[in-house]
Amino acid sequence: MIFELVSLLLEACTTILVAACLLRFYLHYLKMNFVPGSGNPFSHFLFPLTNWLINPLRKIIPFSGRFDICPLLASYVLILVKVMILVALSNGEYLDLHLPLIALFNLIDLALSGLIGLVLVYALFTWTGTNSPTQELFYKMTEPLLSPIRKFSPRVAGIDSSALILIVLIQMTSIILRHAQKIILSSI
């Protein structure tokens, strides 16, 4: 029971922190302003939630270009620490090579789950029809993902099915990655 409680708390904390780091990476990739005071709805919590982890990494890895590696590295380190703690608490017997791979697959799985959440929120906003800054932000975040799908997706009764297609593609990718993880870990 104690392991389950610790596991739940650890999972919740790392999920929030990793999601914030991944969101920071994605917003930077999209060249969206998310500094405090920018009007971006995420700006109030992204920097306070992630700076303590990303700023020390910036001293090692300088900031440059469109791909900000520090939030990705911070996400990976958080997941790796979580995996190591859970394995240590459960007396799991994994080889040292397993832990980095498990952490990598967990990070990818969390990123894919986050994308599904992003698309679902976007879809809800499109159904409500409100024109808010938050809806505009979700549109800007999902449009690069949905526009290629819209080129070939059918419109059923005037309804855009690209969000549904993207969610199915993400879920298929997640299933493929889970099977790949099993194969890779069993072969090591």
Side-chain angles (χ1 to χ4, degrees), residues 6-89 94-122 133-134 136-148 166 169-170 173-174 176-178 180-181 184-185:
V6 170
S7 176
L8 174 70
L9 288 173
L10 193 59
E11 188 72 40
C13 292
T14 54
T15 298
I16 290 168
L17 291 172
V18 169
C21 288
L22 291 174
L23 182 60
R24 188 169 168 170
F25 169 81
Y26 189 56
L27 290 176
H28 177 77
Y29 173 76
L30 294 175
K31 298 181 181 178
M32 296 176 72
N33 189 2
F34 57 92
V35 296
S38 65
N40 187 323
F42 294 125
S43 66
H44 299 293
F45 72 88
L46 269 184
F47 276 96
L49 200 56
T50 58
N51 271 352
W52 66 273
L53 186 58
I54 292 175
N55 285 345
L57 291 173
R58 291 230 188 277
K59 294 176 183 173
I60 302 167
I61 303 169
F63 177 75
S64 65
R66 191 165 181 184
F67 290 99
D68 187 6
I69 300 301
C70 289
L72 287 179
L73 184 59
S75 299
Y76 180 73
V77 167
L78 284 167
I79 296 281
L80 183 60
V81 168
K82 176 194 80 166
V83 168
M84 289 176 11
I85 290 171
L86 290 176
V87 167
L89 290 175
Y94 286 104
L95 297 174
D96 290 339
L97 294 175
H98 284 115
L99 297 180
L101 284 173
I102 291 170
L104 180 63
F105 280 108
N106 280 346
L107 178 61
I108 294 169
D109 188 54
L110 184 61
L112 292 174
S113 297
L115 283 176
I116 289 174
L118 184 73
V119 174
L120 286 174
V121 171
Y122 165 77
T134 307
E136 172 87 15
L137 177 66
F138 277 90
Y139 173 79
K140 287 179 182 177
M141 288 191 303
T142 55
E143 191 56 28
L145 303 170
L146 295 174
S147 63
L166 180 58
L169 289 173
I170 293 170
T173 303
S174 183
I176 291 168
L177 284 173
R178 267 184 255 138
Q181 178 183 2
I184 291 170
L185 290 177

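Ile60 CD1 to Ile69 CD1: the interatomic distance, rounded to the nearest 0.5 Å, is 14.0 Å. The NE2 atom of His28 sits 11.5 Å away from the CG atom of Asn33 when rounded to the nearest 0.5 Å. Taken from OG in Ser7 to CD1 in Ile85, the straight-line distance is 11.0 Å, to the nearest 0.5 Å. How far OG1 of Thr15 is from CG of Leu10: 9.0 Å, rounded to the nearest 0.5 Å. With rounding to the nearest 0.5 angstrom, the CG atom of Leu86 is 8.0 Å from the OG1 atom of Thr14. Considering CG of Asp68 and CD1 of Ile61, their distance stands at 9.0 Å, rounded to 0.5 Å.
Contact between Leu72 and Leu107 at its shortest, heavy atoms only, is O-CD2, 4.4 Å. Residues Leu30 and Lys140 approach most closely at CD1-O, 3.8 Å, considering heavy atoms. Between Ala103 and Tyr76 the shortest heavy-atom distance is CB-CE1, 3.8 Å. What you find for Trp52 and Leu17 is that their closest heavy atoms are CZ2-CD1, 3.9 Å. For Ile54 against Cys21, the heavy-atom pair with the smallest separation is CD1-SG, 4.3 Å. Nearest approach of Leu49 to Ala20, heavy atoms of both residues: CD2-CB, 3.6 Å.
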- Message: For a side-chain contact (heavy atoms from CB on, under 4.5 Å) check, start with the C-alpha distance between Met84 and Ile102, then their side-chain angles and the critical distance, and finish with the verdict.
- Response: CA-CA 10 Å; Met84 289 176 11; Ile102 291 170; over 6 Å; no

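Of the possible donor and acceptor atoms, none in the side chain of Ser174 sits under 3.5 Å from a partner among the backbone N and O of Ile170. Without hydrogens or angle criteria, Tyr26 side chain to Met141 main chain gives a donor-acceptor distance under 3.5 Å. For the pair Tyr122 (side chain) and Glu143 (backbone), a donor-acceptor distance under 3.5 Å is absent.
Side-chain contact between Leu112 and Ile116 is absent, with no heavy atoms from C-beta onward closer than 4.5 Å. Side-chain contact between Leu137 and Leu27 is present, with heavy atoms from C-beta onward closer than 4.5 Å. The shortest side-chain heavy-atom distance between Val77 and Leu57 does not fall under the 4.5 Å cut-off. For the pair Leu177/Asp109, no side-chain contact is recorded, criterion being any heavy-atom separation below 4.5 Å from C-beta on. Looking at Leu118 and Phe138, their side chains come closer than 4.5 Å, going by heavy atoms from C-beta outward. Contact annotation: the side chain of Asn106 approaches that of Lys82 to within less than 4.5 Å [non-hydrogen atoms, C-beta and beyond].
In this structure, Tyr139 places its OH atom where only 12 or fewer heavy-atom neighbours from other residues, nucleotides or ligands lie under 6.0 Å away.
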